[in-house]
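Remarks on the structure that follows.
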Amino acid sequence: LREAVTLDPGYGRAHAKLADAYILLAMTSDVAPKEAFPHARKAGEHALAIDPGLAEARVSMGLIKFWFDWDWSGAEGEFRRAIAAEQPDPAAHAFYGHLLSNLGDHTGALQEMRRALDYEPHSALANALFAQCLYYEGRYDESLAHLQKTLDLDPALWLTYNMMGRIYGLQGKPREALMAFKRATELGGSLVVHASTAYTLAASGNRREARAILEELRARAAHTYVPPS
């Protein structure tokens, strides 16, 4: 992506995708948000300076305001602009739904998620986010069923296994939860998955293994970024 914007500095979509890449570094690859998100913001703003109506860049800025700034109304405004754009980005519905879910508007969240799936029914990420909305509403069995469908679409999406592990843990199924977290880790899951493994071990009475993971994370945090959660 850096090569693309170097070859053609006026190519707005490349700047928007570069913003997304930096966002994902923080969200999935354990890069410190204070290191990744400023680069994401710079790329997103550059994309909008080139084309203010570029829906993908609006989604990028919405994610920055949602996940880094904690500016809920600002994020909502960006997602709505992306949806209303001349060439809308279907991902705007999914991430707007994600925002509404986190804010407790489960009805609105599922409505936006269904719109996202109308555009992209075979998107594993959109399906996983739909299942996550069901999870946050407490509809665990429905969420699990939808996560199974997501695995059919993409068996390598670690987010799916992470969500399954969280649900199994809440259902009192530590063995299934640990198997799901193990698979999520094998597929490249972030340190948050590792921590969820420790939590599940502790909750099921295996304090020694849980504490070993905790100490491993503490040692790692002494020289590199580890999500505080």
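Along the sequence shown, residues are numbered consecutively beginning with 1. Every heavy atom of this structure was used, including side-chain atoms; hydrogens, water molecules and symmetry mates were not.
Closest heavy-atom contact between Ala131 and Ser143: O-OG, 2.7 Å. The nearest pair of heavy atoms linking Ser101 to Cys133 is CB-SG, 3.6 Å. When every heavy atom of Gly53 is checked against every heavy atom of Ala85, the shortest pair comes out as O-CB, 3.8 Å. Here the closest non-hydrogen pair linking Ala36 and Ala26 is CB-CB, 3.9 Å. Heavy-atom minimum distance, Tyr140 versus Ile167: CB-CG2, 3.7 Å. The two atoms that bring Ala124 and Thr150 nearest to each other are O-CG2, 3.4 Å, heavy atoms only.
With rounding to the nearest 0.5 Å, the separation of CG in Leu18 from CD1 in Ile23 is 10.0 Å. Distance check: Ser204 OG to Tyr199 OH gives 11.0 Å after rounding to the nearest 0.5 Å. From Thr200, atom OG1 reaches atom CD of Glu209 across 12.0 Å, with rounding to the nearest 0.5 Å. Here CD of Gln171 is found 5.5 Å from CG of Asp141. Values are rounded to the nearest 0.5 Å. Note that the CD atom of Gln132 and the OG1 atom of Thr160 stand 10.5 Å from one another [nearest 0.5 Å]. Distance CG/Asp20 to CZ/Arg13: 10.5 Å, rounded to 0.5 Å.
Using a 4.5 Å cut-off between side-chain heavy atoms of Ile, Leu, Val, Met, Phe, Trp and Tyr, with links allowed through other members, Val226 and Val192 fall into different hydrophobic clusters. One hydrophobic cluster, built from ILVMFWY side chains closer than 4.5 Å, holds both Leu144 and Phe181. Linking ILVMFWY residues whenever their side-chain heavy atoms come closer than 4.5 Å, directly or via other members, leaves Leu24 and Val193 in distinct clusters. Both Ile64 and Trp70 are part of a single hydrophobic cluster, where members link through side-chain heavy atoms under 4.5 Å apart. Taken together through direct or relayed side-chain contacts under 4.5 Å among Ile, Leu, Val, Met, Phe, Trp and Tyr, Val59 and Tyr119 form parts of separate hydrophobic clusters.
A donor-acceptor contact closer than 3.5 angstrom is absent between the side chains of Glu120 and Asn127. For the residue pair Glu76 and Tyr96, a side-chain donor N or O sits within less than 3.5 Å of a side-chain acceptor on the partner.
The closest side-chain heavy-atom distance from Leu178 to Lys182 is not below 4.5 Å. The shortest distance between side-chain heavy atoms of Tyr225 and Pro33 falls below 4.5 Å. Annotation: side chain of Leu110 is in contact with side chain of Glu137 (closest heavy-atom distance under 4.5 Å).
Judged by distance alone, with hydrogens and angles left aside, the side-chain atoms of Thr224 form no donor-acceptor pair with the main-chain N or O of Arg220 at under 3.5 Å. In this structure, Asp30 contributes its side chain and Leu191 its backbone to a donor-acceptor pair below 3.5 Å. Distance alone, capped at 3.5 Å, is enough to place a donor-acceptor pair between the Arg58 side chain and the Pro52 backbone. Panel note: side chain Asp89, backbone Ala91; a donor-acceptor pair is recorded below 3.5 Å. Between the side chain of Ser190 and the backbone N or O of Ser29 there is no donor-acceptor pair closer than 3.5 Å.
In summary, of the residues considered (Arg114, Gln111, Arg115, Glu112), a side-chain hydrogen bond (donor to acceptor under 3.5 Å, both in side chains) with His93 occurs for Glu112 alone.
No more than 12 heavy atoms of other residues, nucleotides or ligands shown are found within 6.0 angstrom of NE2 on His122.
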Before you tell me yes or no, could you show the steps for Trp67 and Phe95 under side chain to side chain contact (heavy atoms under 4.5 Å, CB included), namely the whole-Å CA-CA distance, both residues' side-chain angles and the distance that decides it to 0.1 Å? CA-CA 11 Å; Trp67 285 336; Phe95 289 119; 4.1 Å; yes

Given the rule in the ring-ring contact (aromatic ring centres under 6.0 Å, His included) test, do Tyr136 and His106 qualify, once you have shown the distances and angles that lead to the verdict? CA-CA 8 Å; Tyr136 282 132; His106 302 301; 7.8 Å; no

Kindly determine whether Arg41 and Asp69 satisfy salt bridge (Lys or Arg N to Asp or Glu O under 4.0 Å), including the steps that lead there. CA-CA 11 Å; Arg41 192 190 310 276; Asp69 297 339; 2.8 Å; yes

Kindly indicate, with the supporting measurements, whether the criterion side chain to side chain contact (heavy atoms under 4.5 Å, CB included) is fulfilled by Met164 and Leu151. CA-CA 11 Å; Met164 294 174 78; Leu151 285 180; 3.9 Å; yes

Go through His98 and Phe66 one step at a time and tell me if the ring-ring contact (aromatic ring centres under 6.0 Å, His included) criterion holds. CA-CA 10 Å; His98 185 12; Phe66 177 13; 5.2 Å; yes

Report the C-alpha distance between Trp158 and Arg183 in whole Å, list the side-chain angles of each, state the deciding distance to 0.1 Å, and finish with yes or no for side chain to side chain contact (heavy atoms under 4.5 Å, CB included). CA-CA 7 Å; Trp158 67 262; Arg183 186 60 180 142; over 6 Å; no

For the pair His194 and Glu216, evaluate side chain to side chain contact (heavy atoms under 4.5 Å, CB included) and give the outcome as yes or no after the intermediate values. CA-CA 10 Å; His194 204 37; Glu216 176 190 340; 3.3 Å; yes

Quick one, Arg139 with Glu142, criterion salt bridge (Lys or Arg N to Asp or Glu O under 4.0 Å). Give me CA distance, side-chain angles, the key distance, then yes/no. CA-CA 6 Å; Arg139 295 161 63 176; Glu142 291 176 73; 2.7 Å; yes

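Here ring-ring contact (aromatic ring centres under 6.0 Å, His included) pairs that include residues 11-59, with residues two or more places apart or in two chains, are His15-His46, Tyr22-His39, Phe37-Phe68.
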